[in-house]
Amino acid sequence: MSVPAARLSDMRWAVAETGDGGARLCPLDQDGRPAGEVLCEPSLAEAVRSRPEVERWVWRSTGEIYRRLLAAGVRVERCYDVEAAESLLIGHEEGQSGQARSLAAAWARLHRLPVPPDAPARAAETQPSLFESGPVPLPSGTDDFTALLEVYAGQVARTAKTEHPERMRMLLAAESAGMLVAAEMYRAGIPWRADVHRELLDTMLGERISGGTEPRRLVELAEEVSRAFGVRVRPDLPNEIIKAFGRAGILLSSTRKWELQEVEHPAVAPLLAYKSLYRLYTAHGWSWLEQWVHDGRFRPEYVPGGTVTGRWTTNGGGALQIPKVIRQAIRADPGWRLVVADADQMEPRVLAAISRDPGLMEVAGRGEDLYADLAARAFGGDRAQAKIAMLGAIYGQTSGDALTHMAELRRRYPAAVAYVDSAAHAGEEGRLVRTWFGRTCTPATSSDSADDGESRPLDYGTPRARARGRFTRNFVVQGSAADWALLVLAGLRQAMSQAGLRAELVFFQHDEVIVHCPEAEAATVAELIAAAGDTAGRLAFGPTPVRFPLTTAIVECYGDAK
DNA sequence: GACAGACGCGCC
DNA sequence: AAAGGGCGCGTCTGTC
């Protein structure tokens with residue numbers, strides 16, 4: 001895998017759209033300054049297509065320009081997304097977090113002018129959106145290509161000043177590669193069988209009763225709940241449920257599933273069934289299908305780096321929360337296969353690599369089941385205990401079994417636990433933490449300190465400070481893992497393209513990817529995936545004994561992958 | 001009628 | 001067994 005940005009000498013060109021389908025472009029030198037004349041060409045697509053020697057295209061924002069290129073049949077190998085980079089650099093520059101990330105804002109900062117705010121995040125729309133809110137405009141009279149060049153050159157210099165410039169360069173390249181993947185996945189879409197989905201809904205929910213009422217099964221379950229209480233109760237109103245249980249002498253603080261499960265009452269079983277089916281009905285039912293699945297594809301709009309930790313989000317369609325039962329509807333086209341891969345215990349392995357804990361690196365350098373290996377060494381063979389302890393360390397669990405098991409973890413793997421403890425401590429003191437690559441957490445806000453609205457350091461030991469500590473503790477692991485996963489994705493994309501495959505990435509969910517490919521390519525894709533984890537691990541964390549295996553399944557139906 | 005916040009629950 | 005991290009999104013509820 002040739003990695004994004006590892007080479008300084010790659011040939012870069014800046015490009016911007018001119019608004020009439022054309023483009024302005026010019027070559028760049030190593031410092032990010034123009035290395036030749038600025039050209040103006042009538043066709044963006046032709047300008048890019050005719051320059052295969054360009055190794056990386058520097059542009060303002062991938063979402064818009066690359067969508068147009070893809071529509072014209074032009075794929076690029078690498079890019080540098082100036083607005084994505086601005087976001088990461090601003091976050092890294094102490095005290096700057098939270099500032100606007102648009103090209104216009106970056107340019108204004110460069111010239112010490114008033115900084116325009118970013119366009120408000122667009123709310124999820126009922127239709128997948130092909131319309132961008134458009135770039136934040138530059139001051140009138142400012143040439144946007146010049147602004148692009150100036151901001152980019154500034155970013156090259158700022159990157160060199162970060163704590164680990166080589167890691168930051170890799171992060172910027174990986175985030176940009178993620179932008180390319182996101183645009184390509186949107187274009188490809190997830191193969192979705194609406195007929196299978198409908199059949200599932202009919203089976204689980206019963207047929208829809210005409211007149212807009214709930215499906216038959218929900219009506220029946222609601223009646224069953226009412227019968228159990230002896231009065232009419234609407235199961236989707238938490239207040240009514242709590243009152244009804246109260247009359248039966250059962251005090252509930254909420255109607256959460258785990259709380260209800262503890263209660264012995266004939267209403268509990270139908271109520272839990274109702275809640276789960278109601279959820280399916282409202283979130284992934286018939287209307288979702290009509291809104292989001294067209295021509296056999298589900299096209300969510302991916303937002304790389306949409307969360308503070310670097311995980312992606314999606315805009316509309318709830319693509320990262322597809323319920324397991326619904327995955328039956330995700331089927332390869334005839335003659336094609338889905339290659340489904342998910343990373344095995346990604347976060348503990350990443351913790352081993354970033355903390356350099358010798359013992360944990362050794363455990364993470366063995367087979368496929370890290371928790372079993374951990375248990376064999378430290379928890380008397382009890383895999384469940386080992387897992388609870390590890391997740392407790394990563395999430396900051398403060399009570400229950402996790403605490404006692406964590407003591408054992410601390411004894412055996414002191415450097416690993418110290419790593420997350422120190423991140424938690426930094427958070428409790430109101431300091432910032434970073435991932436291995438330099439992605440930086442958002443600063444503490446007033447809501448993290450006492451509720452008097454004053455902005456001041458966190459009060460050590462308060463519940464809010466401890467919550468902030470759990471956030472920063474988790475951030476360093478979840479964030480570094482997200483960055484590693486991004487390298488896997490970028491590496492896989494490049495490997496598949498170099499192999500000349502028709503395979504397409506169609507889904508990415510934190511530690512899991514789906515490739516849709518002709519049956520004949522599936523074995524090759526699986527091999528590329530198997531290599532991608534360790535390659536990304538070496539690239540990201542340098543030489544460590546830690547292995548990053550992925551479990552891969554070649555299936556026709558996503559529901560069969562687990 | 002629009003909007004914000006809380007809640008609940010789907011996923012990792 | 002208990003309830004810790006990150007999200008999106010639908011519903012309900014209170015407010016303007």
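- For the pair F475(A) CZ and dG5(C) C1', the computed distance is 12 Å after rounding to whole Å.
- No contact: I394(A) has no heavy atom under 4.0 Å from any strand.
- The pair K275(A)-D236(A) does not meet the salt-bridge criterion, since no charged nitrogen lies less than 4.0 angstrom from a carboxylate oxygen.
- Using a cutoff of 4.0 Å between basic side-chain nitrogens and carboxylate oxygens, E207(A) and R216(A) are scored as salt-bridged.
- Between the NE2 atom of H510(A) and the P atom of dG10(B) there is a distance of 16 Å, rounded to whole Å.
- Under the 3.5 Å distance criterion, with hydrogens and angles disregarded, a donor-acceptor pair is assigned to the side chains of S253(A) and E259(A).
- For the OP1/OP2 pair of dC9(C) and a distance below 4.0 Å, the side-chain nitrogens and oxygens of T282(A) include no atom meeting the criterion.
- Within 4.0 Å of L237(A), counting heavy atoms only, lie sugar-phosphate atoms of the nucleic acid but no base atom.
- One can place CD1 of I388(A) at 12 Å from C1' of dA3(C), the figure rounded to the nearest angstrom.
- If you check dG8(C), dG6(C), dA3(C) against the side chain of W258(A), the one that comes closest is dA3(C).
- Across the interface with DNA chain C, nearest-nucleotide mapping of E262(A) and T314(A) shows E262(A) to be the residue nearer the 5′ end.
- The side chain of Q478(A) sits closest to dG6(C) out of dT13(C), dC7(C), dG6(C).
- Within 4.0 Å (heavy atoms only), Y278(A) reaches sugar-phosphate atoms of the nucleic acid but no base atom.
- The interatomic distance linking R279(A) (CZ) with dT11(C) (P) rounds to 10 Å, in whole Å.
- Q509(A) comes within contact range of the sugar-phosphate backbone alone, with a heavy-atom separation under 4.0 Å but no base atom that close.
- Residue contacts shown for R256(A) are limited to sugar-phosphate atoms, with no base heavy atom under 4.0 Å away.
- At whole-Å resolution of the value, CD1 in I322(A) and P in dC12(B) are 10 Å apart.
- You'll find that the side chain of K324(A) is closest to dC11(B), out of dG8(B), dC11(B), dG6(C).
- Note on K275(A): every side-chain N or O is 4.0 Å or more away from OP1 and OP2 of dG10(B).
- Residue V308(A) is in sugar-phosphate contact alone, with no base atom involved, counting any heavy-atom pair closer than 4.0 Å across all strands shown.
- Put simply, the residue from F507(A), W288(A), Y186(A) that forms a ring pair (Phe, Tyr, Trp, His ring centres under 6.0 Å) with F298(A) is W288(A).
- For Y395(A), the listed nucleotide lying nearest its side chain is dG5(C); candidates were dG5(C), dG8(B), dC11(B).
- A cation-pi arrangement is found for R167(A) relative to W436(A), the charged atom lying closer than 6.0 Å to the ring centre and inside a 45° cone about the ring normal.
- T551(A) and D344(A) form a side-chain donor-acceptor contact under 3.5 Å, judged by distance and modelled atom types alone.
- Between the C1' atom of dG10(B) and the CG atom of L272(A) lies a distance of 15 Å, rounded to the nearest Å.
- The CZ atom of R311(A) sits 10 Å away from the P atom of dG6(C) (whole-angstrom rounding).
- Using a 4.0 Å heavy-atom criterion, one finds that R234(A) contacts the sugar-phosphate atoms exclusively.
- Going from atom NE2 of H284(A) over to atom P of dC9(B) covers 16 Å, rounded to whole Å.
- Of the candidates dC9(B), dG8(B), dG5(C), the closest approach to any side-chain atom of S254(A) belongs to dG8(B).
- If you check dC9(C), dC12(C), dG5(C) against the side chain of D236(A), the one that comes closest is dC12(C).
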